[in-house]
Amino acid sequence: MPQPHQTSRQSISAAGIERNARIAPSILSADFSELREAVTVCQNAGARTIHFDVMDGQFVPNITFGPRVISSLRPHFDLQFDVHLMIVQPERYIEEFTKAGADILTIHSEACVHLQRTLDHIRKNGAKSGLALNPSTPLNVLEYLLDDIDLLLLLTVNPGFGGQKFIPVMRNKISESYNILKTASHFIELEVDGGISPVNAKEMTTLGANVLVSGSAVFDHPKGAAEGFRAINNAI
Ligand code: DX5
Ligand code: ZN
């Protein structure tokens with residue numbers, strides 16, 4: 001039986017909206033004591049995707065939350081849940097996160113030895129498979145994985161914390177990635193994550209990104225998250 005989050009994913013694909021850029025607010029910068037309210041504000045401002053940063057204190061120095069937070073929010077929203085796993089050996093938790101309600105499940109190339117198998121496992125569990133690369137990780141890891149990914153996430157800061165500055169040389173990496181992804185036989189989304197704000201959002205889309213993750217620019221906006229979301233949306 002289709003779950004609410006599957007309906008959301010299918011309708012997004014069916015409409016072909018994926019080719020238009022969208023903002024994925026990262027709840028990393030939200031007030032954790034009122035996450036449901038934070039996601040509701042983003043939804044009301046027009047967000048269709050919410051980004052979840054899962055950190056284990058090993059792959060990155062920070063610790064955030066696990067599948068329980070995702071499964072608790074899942075029944076309340078028909079939004080696309082975009083789950084970014086910054087954890088070592090993510091293959092241990094694929095089922096838990098897909099069952100919790102992840103629509104996109106993204107793993108790091110630097111954290112997983114058997115990438116192809118794990119990406120395949122994500123799809124077999126009903127989610128879109130995402131591959132994330134740290135800023136210093138070269139793009140040649142993509143060479144034999146294009147058939148296995150639905151999304152490429154480029155970290156444009158070193159992962160672990162919100163509110164960091166976009167690394168300028170990542171502009172080249174975004175356009176190079178876009179050119180590689182274009183050669184695939186299916187549409188692969190290009191997501192940028194870290195230091196995205198109204199100042200550089202438009203440029204990101206010009207370079208080829210179609211999913212823009214933003215945490216602090218949304219949630220730390222002086223007039224609140226709805227205004228933060230709208231400011232980026234207006235920029236693109
Ligand atoms: C970085 C996370 C990002 C982070 C982005 O470790 O993967 O998703 O929340 O935050 P901002 O938009 O503040 O750079
Ligand atoms: Zn992220």
Side-chain angles (χ1 to χ4, degrees), residues 21-32 35 38-39 41-42 45 47 49-67 69-70 79-88 90 93 97 102-112 127-137 149 151-168 170-171 173-174 189-205 209-222 224-225 227-233 235-236:
R22 65 184 188 279
I23 302 157
S26 164
I27 58 159
L28 180 64
S29 292
D31 178 346
F32 277 21
L35 281 182
V39 177
V41 168
C42 293
T49 301
I50 299 291
H51 187 80
F52 293 83
D53 286 306
V54 177
M55 305 186 185
D56 66 354
Q58 262 194 289
F59 180 67
V60 287
N62 199 0
I63 299 177
T64 54
F65 49 79
V69 166
I70 293 157
L79 293 164
Q80 184 180 52
F81 278 15
D82 171 28
V83 179
H84 177 191
L85 295 184
M86 284 162 275
I87 64 174
V88 295
Y93 291 103
F97 280 100
D103 296 301
I104 304 171
L105 192 53
T106 297
I107 57 170
H108 266 265
S109 78
E110 307 86 359
C112 178
K128 287 190 174 185
S129 58
L131 179 68
L133 307 181
N134 279 339
S136 62
T137 302
I149 61 172
L151 175 143
L152 175 68
L153 187 164
L154 292 182
L155 265 300
T156 43
V157 298
N158 286 292
F161 302 96
Q164 303 181 79
K165 277 207 165 65
F166 179 88
I167 300 172
M170 290 300 109
R171 291 188 176 94
K173 197 176 183 185
I174 299 164
E189 301 209 82
L190 180 52
E191 180 171 48
V192 287
D193 187 0
I196 307 300
S197 73
V199 172
N200 59 14
K202 179 70 189 169
E203 185 188 11
M204 297 301 110
T205 64
N210 75 306
V211 188
L212 313 183
V213 176
S214 184
S216 52
V218 171
F219 290 101
D220 295 347
H221 191 282
E227 274 309 310
F229 180 89
R230 280 186 212 116
I232 304 172
N233 215 18
I236 59 174

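Counting starts at 1 for both ligands and their atoms, following the listed order.
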Rounded distance (nearest 0.5 Å) linking atom OG of Ser197 with atom CG of Asp220: 12.5 Å
Between the CZ atom in Phe97 and the NE2 atom in His84, the distance rounded to the nearest 0.5 Å is 11.5 Å
Heavy-atom contacts with Val213 under 4.0 Å: which atoms of ligand 1 show up? List them by number with element. 8 (O)
Shortest non-hydrogen pair, Ala209 vs Ala21, comes out as O-CB, 4.4 Å
Taking the side chain as every heavy atom from C-beta outward, state whether Leu154 and Leu190 have any atom pair closer than 4.5 Å. yes
Whether Ala217 lies under 4.0 Å from ligand 1, heavy atom: no
Is a salt bridge present between Glu189 and Arg22, judged by a nitrogen-to-oxygen distance below 4.0 Å? yes
Going by the order shown, which atoms of ligand 1 are within less than 4.0 Å of some heavy atom of Met55? 6 (O)
Considering only N, O or S atoms of Asp193, the one closest to the Zn ion (ligand 2): OD2
Residue, atom and distance of the protein heavy atom nearest atom 6 (O) of ligand 1 read Gly160 N, 2.7 Å
Distance from Cys42 atom SG to His51 atom NE2, nearest 0.5 Å? 12.5 Å
Distance in Å, Leu35 CG paired with Ile27 CD1, rounded so as to fall on 0.5 Å steps: 4.5 Å
I'd like to check which ligand 1 atoms, numbered from 1 as shown, lie under 4.0 Å from a non-hydrogen atom of Gly194. 14 (O)
Which of the atoms in ligand 1, numbered in the order shown and given with their element, are less than 4.0 Å from a heavy-atom of His51? 8 (O)
Backbone or side chain, does any N or O of Gly163 fall under 3.5 Å from an N or O of ligand 1? yes
Just give me the atom name: the N, O or S atom of His84 closest to the Zn ion (ligand 2). ND1
Identity and distance of the protein heavy atom lying nearest atom 13 (O) of ligand 1: Ser216 OG, 2.6 Å
Polar contacts were defined as any N/O atom of the residue lying under 3.5 Å from an N/O atom of the ligand; does this apply to Asp193 and ligand 1? yes
At a 4.0 Å threshold, what atoms of ligand 1 neighbour a non-hydrogen atom of Met86? 6 (O), 7 (O)
If you take the centroid of each ring, where Trp contributes its six-membered ring, are His108 and Phe59 closer together than 6.0 Å? yes
Sub-4.0 Å atoms of ligand 1 with respect to non-hydrogen atoms of His84: 7 (O)
Answer yes or no: is there a side-chain heavy-atom contact under 4.5 Å between Pro25 and Phe219? yes
Is there a side-chain contact between Phe229 and His221 (heavy atoms, below 4.5 Å)? no
For Pro159, atoms of ligand 1 separated by under 4.0 Å from a heavy atom: 6 (O)
Look up atom CD1 in Ile232 and atom CD1 in Ile23, then write down how far apart they are to the nearest 0.5 Å. 5.0 Å
Got a second to check how far Asp53's CG is from Ser29's OG, nearest 0.5 Å? 8.5 Å
Hey, which N, O or S atom on Asp53 ends up closest to the Zn ion (ligand 2)? OD1
Nitrogen or oxygen atoms of Ser29 and ligand 1 under 3.5 Å apart: no
closest protein heavy atom to atom 14 (O) of ligand 1 is Gly195 N, 2.8 Å
In the protein, what heavy atom is nearest to atom 10 (O) of ligand 1, and what distance, to one decimal place, separates them? Gly162 CA, 3.6 Å
Starting from atom 12 (O) of ligand 1, what is the nearest protein heavy atom, named by residue and atom, and what distance separates them? Gly215 N, 2.8 Å
So if I apply the side chain to side chain contact (heavy atoms under 4.5 Å, CB included) rule between Val192 and each of Leu155, Val211, Leu212, which one comes out positive? Leu212
If we set the cut-off at 4.0 Å for heavy atoms, which region of Ser26 has an atom near ligand 1: side chain, backbone, both, or neither? side chain
Where ligand 1 meets Ser214 - atom numbers and elements under 4.0 angstrom, heavy-atom basis: 12 (O)
